[in-house]
Structures are given as structure tokens and as C-alpha cells.
Amino acid sequence: RMPLFKGVRLDRIARNLGLGQFVSLRPGDILLRPDEPNSELYILIDGCLAVQADLQSQPIAVLPAGECVGEMSVFEGELPSAFVLATAPSRVFKVHKEVVWRLIDGSNRFAQNLLHVLGKRVRSGNQALASSQERLMMQEISASLDPLTGIYNRRWLNGMFRRGIERAQIDKAPAFLLMIDIDHFKKYNDTHGHLAGDQCLRMVATTMRDKLRPTDLLARFGGEEFSVLLNCAGSRESRAAAERLRQAVEMRQIKDRDGAPLPSVTISVGIAMLKRNDSLESLIERADTALYQAKRQGRNRVVEASAGKQPARALKKG
């Protein structure tokens, strides 16, 4: 039941094995720790050992009788990579690294078995690392998504929009920010209920996502506000894109969770073109100003912030 000694003629290594030592462990006893050097190979005779990143975390691995620990630090000459502690009354056989090398020299089969253990340990570590990286990636994606609408949230916007603006400035390419607000959303929520309001938000987000190009960046800014960063050839193209969004939302039928129809909604859109010295904050501020002008002018329309000090230009619906 000891993988290290499978197929090994013990009579050939008995003398070196006699240099080892049995050690008894109580539950909680720490065998290896990452802040102390190790020069021993430990073979678990009976009991159970846990491998942990720290003493408070859940075990990375639980080792039954027959397994060994310490082999990586013995061969690498480095500190152990984790804590190893007993989780039950246990007994280990301790072999100093010099004796380990004698065992390797004295038995090819022992050397093969040890290589097999090392390979399995490396594969297990790689799998754990890949799994950890995948969990981190999924957590990062989850933290960047708005759970209600399924599109990106303000946190993602702050990073991706900023990088998109910096890239456009470096490439000297035109870029436009759209600030979008659902008209009379509070009244819609109060009249039809919060579940209907949630359906409305989902519909608006889905509709706009379907009408945008893969290169356009869409995010929920907060509440009933959305933002879109466009790379367009000029103002005419950005206004046309904003108008397509406005028309698509106005024409979209909203349904409740049971499929019953709900009243449709409209959106107001403010557009600001990226200037040479713009920050994300200054670009949002100008697009926001254009959005409020669209609302003051009657809602359900697109207003573009002027490049100079002239009033913003409105593109009326239809």
C-alpha cells in the first residue's frame, strides 16, 4: 500500500531504510510549513494529512496512508509551498534527503516510483492552479456584469471605457459617448410595479445590445441609465447609431414574466464626441449635459453636445 515501494526489493534498500525514523503526530501537529526549510521526505504510514495554503483555509488536498510529502522541497532545496498538518492521530516515516538519494541509487524501481509520485504531484498542482485561475476569471467576469440585465456594469465601464478612450486618443480615431436614460422610468415603476420595471430594464438592455456592433461598448451606468462608447467615422454616424437605438426601444414590446404585454417605453440620448484632452469624467459630463437637454426638449430624442459653446443640437424623433 506504499506507492514508493511498489515492486521494490526491500532487501536491497533495507540498510538505508534502517536510517529512517518513525514519528507520531497528534491532530493539529504541523509537519511542514512554508516559513521553515525542510530536508526530510515523510511517508504516511497511517492516519491522515492535510495540505493547506494557510492554517485557516480549507485543505487543498487530503492525503491518506501510503502517500508522501516533502519530496518537492527535498529535491528543489526550497521552502515548502504549503502547510502540512495531521488531521487525525498519524504516524510517518521520516527519511533524510541524503538517505533518499541512497535509496534512488540502490533501486531503479524506487527511483521510478518516486518520479511517478513527483509527476502526479506536478499534474495535481497544475490542475489546482488552472482551477484557481478559472475561478478567479469567473469571479472577475461576475463582478463586471449587472445581474439584472446581463450587460456590463459601472465597474467594468470605468476600466474598459477609460482604455477605449486612451486607445482612441493614441490612434487619433473619432469616438463618441452616448448617455441613455429611460423616459419616465420612476412613474413606470410606480404604476406597474418593480417586477415590470425589471422587465423594462432587461428589454432596453437586450434591445440596445442587439442593435450595436461587437466593437461598441455597452454598460449599465446605474438605475435606468446606460452608456455606449462608439468608434464612428464622424458625428453623422454616431447620431444615426443613437437614433437606431431610440427607434428600436420605442418599437419593442415589453412583456411580464407570464408573457402578458406591458406598456412600451422610450429613451433619451445625449452624445458627446471625444476631445483630445478628454478624460472619462469630462466626456461623461458633456454627454450627460446633452442628455438632460434632450429631456428638457421633450424626451424620446437624441441630442448631441456641440463642439464649441453653442447650444447642443437636437435630433427629434422620427
Side-chain angles (χ1 to χ4, degrees), residues 1-140:
R1 62 193 187 96
M2 302 291 170
L4 277 180
F5 300 108
K6 183 178 180 181
V8 176
R9 290 185 57 179
L10 296 182
D11 58 319
R12 293 186 176 181
I13 61 171
R15 183 175 179 180
N16 288 320
L17 277 180
L19 299 174
Q21 179 183 358
F22 288 97
V23 178
S24 296
L25 301 172
R26 297 169 298 179
D29 283 351
I30 299 174
L31 190 62
L32 296 173
R33 51 190 310 141
D35 55 352
E36 291 183 0
N38 172 60
S39 58
E40 310 285 345
L41 172 69
Y42 295 95
I43 303 167
L44 182 59
I45 305 301
D46 48 55
C48 187
L49 299 176
V51 181
Q52 298 179 197
D54 56 67
L55 296 178
Q56 284 72 45
S57 64
Q58 293 296 315
I60 299 170
V62 176
L63 305 178
E67 294 290 339
C68 62
V69 293
E71 71 285 345
M72 299 298 288
S73 55
V74 162
F75 288 114
E76 293 174 345
E78 302 288 342
L79 293 171
S81 58
F83 287 91
V84 177
L85 59 152
T87 59
S90 304
R91 193 162 52 111
V92 297
F93 187 63
K94 181 173 71 171
V95 184
H96 191 271
K97 64 179 181 181
E98 292 181 3
V99 179
V100 173
W101 285 113
R102 293 184 193 178
L103 292 171
I104 292 171
D105 290 338
S107 172
N108 289 335
R109 188 56 187 266
F110 178 84
Q112 292 173 6
N113 292 343
L114 187 54
L115 283 173
H116 178 74
V117 169
L118 288 170
K120 185 171 69 172
R121 212 46 72 74
V122 170
R123 285 194 301 273
S124 176
N126 289 340
Q127 290 170 355
L129 179 60
S131 177
S132 176
Q133 290 175 331
E134 183 178 358
R135 284 197 302 272
L136 287 174
M137 183 177 67
M138 294 304 296
Q139 289 170 1
E140 182 68 20

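Nothing fancy with the numbering, it's 1 onward along the sequence.
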Spacing of [X] atom [atom1] and [Y] atom [atom2] [to the nearest 0.5 Å]:
| X | Y | atom1 | atom2 | answer |
| --- | --- | --- | --- | --- |
| Leu25 | Cys48 | CG | SG | 11.5 Å |
| Leu85 | Leu49 | CG | CG | 8.0 Å |
| Glu40 | Glu71 | CD | CD | 13.5 Å |
| Cys68 | Leu4 | SG | CG | 4.5 Å |
| Ile30 | Glu36 | CD1 | CD | 8.5 Å |

Which heavy atom of [X] sits nearest a heavy atom of [Y], and at what distance?
| X | Y | result |
| --- | --- | --- |
| Val69 | Leu41 | O-CD1, 3.7 Å |
| Pro3 | Gly66 | CD-O, 2.9 Å |
| Ser81 | Pro34 | C-CB, 4.4 Å |
| Val51 | Ala82 | CG1-CB, 3.8 Å |
| Thr87 | Ala50 | CG2-CB, 3.5 Å |

Just so I know, are the side chains of [X] and [Y] near enough to count as touching, which here means a heavy-atom distance under 4.5 Å?
| X | Y | answer |
| --- | --- | --- |
| Ser39 | His96 | yes |
| Ser24 | Ser90 | no |
| Leu103 | Leu114 | no |
| Leu19 | Arg102 | yes |
| Val84 | Tyr42 | no |

Quiz item: Does Asn16 reach the main-chain N or O of Ile13 with its side chain, forming a donor-acceptor pair under 3.5 Å?
Solution: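 Answer holds: no.
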Quiz item: Would you say Asn113's side chain and Lys6's backbone share a donor-acceptor pair under 3.5 angstrom?
Solution: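 At least one qualifying donor-acceptor pair exists.
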Quiz item: Excluding sequence neighbours, so at least two apart, what forms ring pair (Phe, Tyr, Trp, His ring centres under 6.0 Å) with Phe93?
Solution: Phe22
Exercise. For Phe110, enumerate each residue passing the ring pair (Phe, Tyr, Trp, His ring centres under 6.0 Å) test, keeping only those at least two apart in sequence or located in another chain.
Key: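 Phe110 satisfies ring pair (Phe, Tyr, Trp, His ring centres under 6.0 Å) with Phe5 once adjacent residues are dropped.
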Quiz item: Taking Val92 as the fixed residue, which of Leu44, Asp46, Ile43 is the one that meets the side-chain contact (heavy atoms from CB on, under 4.5 Å) rule?
Solution: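 Exactly one pass, corresponding to Leu44.
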Quiz prompt | Whether over 12 other heavy atoms sit under 6.0 Å from Asp105 CG | solution = yes
Self-check item: Residues forming a salt bridge (charged side-chain N to carboxylate O under 4.0 Å, His left out) with Arg109, sequence neighbours excluded
Solution: none
Exercise. Please identify each residue that fulfils salt bridge (charged side-chain N to carboxylate O under 4.0 Å, His left out) with Arg15, with sequence neighbours left out.
Key: none
Pairs of donor and acceptor atoms involving the side chains of residues 52-61, under 3.5 Å and at least two apart or interchain, shall be tabulated with distances.
| from | atom 1 | to | atom 2 | distance (Å) |
| --- | --- | --- | --- | --- |
| Gln52 | NE2 | Asp54 | O | 2.9 |
| Gln52 | NE2 | Ser57 | O | 3.3 |
| Asp54 | OD1 | Gln56 | N | 2.9 |
| Asp54 | OD1 | Ser57 | N | 2.7 |
| Asp54 | OD1 | Ser57 | OG | 3.4 |
| Ser57 | OG | Asp54 | N | 3.4 |
| Ser57 | OG | Asp54 | O | 3.1 |

Practice problem: Could you name each residue pair satisfying ring-ring contact (aromatic ring centres under 6.0 Å, His included) that touches residues 52-84, not counting sequence neighbours? | Solution: Phe75-Trp101
Practice problem: Take Val74 and Asn38, measure what side chain to side chain contact (heavy atoms under 4.5 Å, CB included) needs, and give me the verdict at the end. | Solution: CA-CA 7 Å; Val74 162; Asn38 172 60; 4.0 Å; yes
